[in-house]
Protein chains: 2
Amino acid sequence: MKKVINKVETSWQNVLSENGYRVSGPRRYVMQLLESNAQPMTPLEIYQALSQSGRPLGIVSVYRALELLAELGLVCVVYNPDGSAGYVVGAGGHHHHIVCQNCHQAIAFAGSEDLSSLIQRVEKETKFHVSDHLLQLYGICPDCQKALADAEEEN
Amino acid sequence: MKKVINKVETSWQNVLSENGYRVSGPRRYVMQLLESNAQPMTPLEIYQALSQSGRPLGIVSVYRALELLAELGLVCVVYNPDGSAGYVVGAGGHHHHIVCQNCHQAIAFAGSEDLSSLIQRVEKETKFHVSDHLLQLYGICPDCQKALADAEEEN
DNA sequence: AGCTTAATGAAAAAAGTTATCAATAAGGTC
DNA sequence: GACCTTATTGATAACTTTTTTCATTAAGCT
Ligand SMILES: [Zn+2]
Ligand SMILES: [Zn+2]
Ligand SMILES: [Zn+2]
Ligand SMILES: [Zn+2]
């Protein structure tokens with residue numbers, strides 16, 4: 001477990017340098033793309049999007065950039081409702097994501113104290129010591145709620 | 001979305017037949033193996049374990065069996081702490097899994113009402129309509145707690 | 001500008017998953 | 001129990017995704 005420097009105020013460029021990594025082209029492309037996209041993207045999707053927008057980089061670099069950025073907490077893995085996984089930019093601190101089942105838009109919500117009573121219950125029931133958790137919510141985003149309601153009206 | 005017959009009292013064999021599927025060798029092997037294993041297993045691990053214990057079956061059948069069994073709710077996908085995923089037998093009804101970070105043993109806990117207040121908060125914050133969730137807890141199981149404590153003593 | 005070395009890209013290898021189709025066997029009928 | 005129908009299987013191949021290798025490139029420092 002490597003200690004990661006990642007203060008809330010610092011930019012992702014600083015997080016990279018302060019941890020001894022270079023701010024290279026591929027890392028910049030990937031971060032900028034994810035920052036501009038609310039949908040979780042797979043390595044292949046990222047590679048294709050960047051290639052099309054004139055960023056010449058190998059897909060291997062996408063994998064490597066994502067691995068590092070994830071280790072530094074700059075990007076997060078999000079599981080789509082269908083079980084496939086993608087990457088989004090990571091909010092700082094303890095948080096989770098809510099994903100739209102319709103358009104796959106994912107946004108973060110703060111997670112402080114979110115599960116303390118549940119965890120207490122489960123620890124008592126199972127005798128496990130709980131130290132971490134994976135949580136995601138699935139639903140319909142405001143935009144899709146509107147779009148779906150409009151579509152309904154037309155029938 | 002196909003309607004699945006899966007009453008709590010009925011055995012997995014009945015779930016298969018009542019939904020029009022046959023109780024075939026591979027499906028039996030996979031279910032029996034997962035029932036005897038608390039650790040989530042990948043398709044490859046399942047294939048290797050069954051082959052070694054003298055069950056001649058193709059890995060393709062493992063994939064197909066898992067796909068069907070998951071659709072019927074007889075097995076569940078569990079994400080290991082390292083992000084890899086495996087299958088375990090599925091408990092009935094609304095539940096989640098807690099996974100040991102040391103031995104990967106996974107056991108289910110009931111999930112009724114587990115997140116209602118959190119979900120209310122997030123719906124208000126994000127304006128999403130929440131309809132589903134993914135939740136897993138990570139920790140140390142009773143066995144590993146004991147083993148780790150014993151190892152500690154020896155120092 | 002020049003140096004050092006982390007980081008990249010291309011290609012190949014490895015790993016994981018899906019599609020195809022003839023052969024097999026599960027479950028029902030007589 | 002033998003027979004029939006057809007869902008299911010296994011072997012192969014195709015395909016997709018991820019990792020490894022290593023010579024080349026470029027980020028950051030002096
Ligand atoms: Zn949406
Ligand atoms: Zn949380
Ligand atoms: Zn354990
Ligand atoms: Zn739940």
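A note on names: the letters A, B, ... follow the listed sequences, proteins ahead of strands, and every chain is numbered from 1.
Nucleic acid contact class of R64(B) (heavy atoms, under 4.0 Å, all strands): base. Among the atoms of the strands shown, only primed sugar atoms or phosphate atoms (P, OP1, OP2) are found under 4.0 Å from some heavy atom of L57(A).
Taking atom CD of E67(A) as the reference point, atom C1' of dA6(C) lies 15 Å away to the nearest angstrom. Distance L69(A) CG to dA7(C) P: 12 Å, rounded to the nearest Å. Residue L50(A) contributes atom CG, which lies 13 Å from atom P of dT8(C) at whole-angstrom precision. Regarding L68(A), its CG atom lies at a distance of 14 Å from the C1' atom of dT8(C), rounded to whole Å. What separates CZ of R27(B) from P of dA26(C) is a distance of 11 Å, to the nearest Å. If you measure from atom CD of Q48(B) to atom P of dA15(C), you get 11 Å, rounded to the nearest angstrom. Rounded to an integer number of Å, the gap from CD of Q13(B) to P of dG27(C) is 10 Å. In this structure, CG of L44(B) is placed 14 Å from P of dT18(C), rounded to the nearest angstrom.
Scanning for ring pair (Phe, Tyr, Trp, His ring centres under 6.0 Å) contacts around Y79(B) gives Y79(A), with sequence neighbours left out. For H129(A), the ring pair (Phe, Tyr, Trp, His ring centres under 6.0 Å) test picks out no residue, with sequence neighbours left out.
For the atom pair NE2 (H95(A)) and OG (S112(A)), the distance works out to 13.0 Å, reported to the nearest 0.5 Å.
The nearest heavy atom of DNA chain D to G20(B) and to V60(B) marks one nucleotide each, and the one closer to the 5' end goes with G20(B). Toward the 5′ end of DNA chain C lies the nearest nucleotide of A65(A), the other residue of the pair I59(B) and A65(A) mapping further downstream.
Taking Ile, Leu, Val, Met, Phe, Trp and Tyr as hydrophobic and joining them when side-chain heavy atoms fall under 4.5 Å apart, one finds F128(A) in a cluster with I98(A), I107(A), F109(A), L115(A), L118(A), I119(A), V122(A), V130(A), L135(A), L137(A), I98(B), I107(B), F109(B), L115(B), L118(B), I119(B), V122(B), F128(B), V130(B), L135(B), L137(B).
Residues I140(A) and L134(B) do not share a hydrophobic cluster, defined by chaining ILVMFWY side chains whose heavy atoms lie under 4.5 Å apart. In terms of hydrophobic clustering, with Ile, Leu, Val, Met, Phe, Trp and Tyr side chains grouped at heavy-atom distances under 4.5 Å, V99(A) and L148(A) are assigned to different clusters. Using a 4.5 Å cut-off between side-chain heavy atoms of Ile, Leu, Val, Met, Phe, Trp and Tyr, with links allowed through other members, Y29(A) and I46(A) fall into the same hydrophobic cluster.
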In residues 49-59 of chain B, what donor-acceptor pairs under 3.5 Å come from side-chain atoms, sequence neighbours left out?
| unit_1 | atom_1 | unit_2 | atom_2 | d |
| --- | --- | --- | --- | --- |
| S51(B) | OG | Y47(B) | O | 2.8 |
| S53(B) | OG | A49(B) | O | 3.2 |
| S53(B) | OG | L50(B) | O | 3.2 |

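Contacts between chain B and DNA chain D, taken as any atom within less than 4.0 angstrom of a protein heavy atom, begin and end at dT6(D) to dT12(D).
For the pair S24(A) and dT8(C), the criterion of a side-chain N or O lying under 4.0 Å from OP1 or OP2 is met.
Relative to the axis of its first five pairs, the axis of the last five pairs of the helix from dA1(C)-dT30(D) to dC30(C)-dG1(D) sits at 50°, rounded to 10 degrees.
Summarising the geometry of H133(A) relative to H96(A), their closest heavy-atom pair is NE2-NE2, 3.1 Å, with the distance given to 0.1 Å.
If you check dG16(C), dA26(C), dA7(C) against the side chain of R22(B), the one that comes closest is dA26(C).
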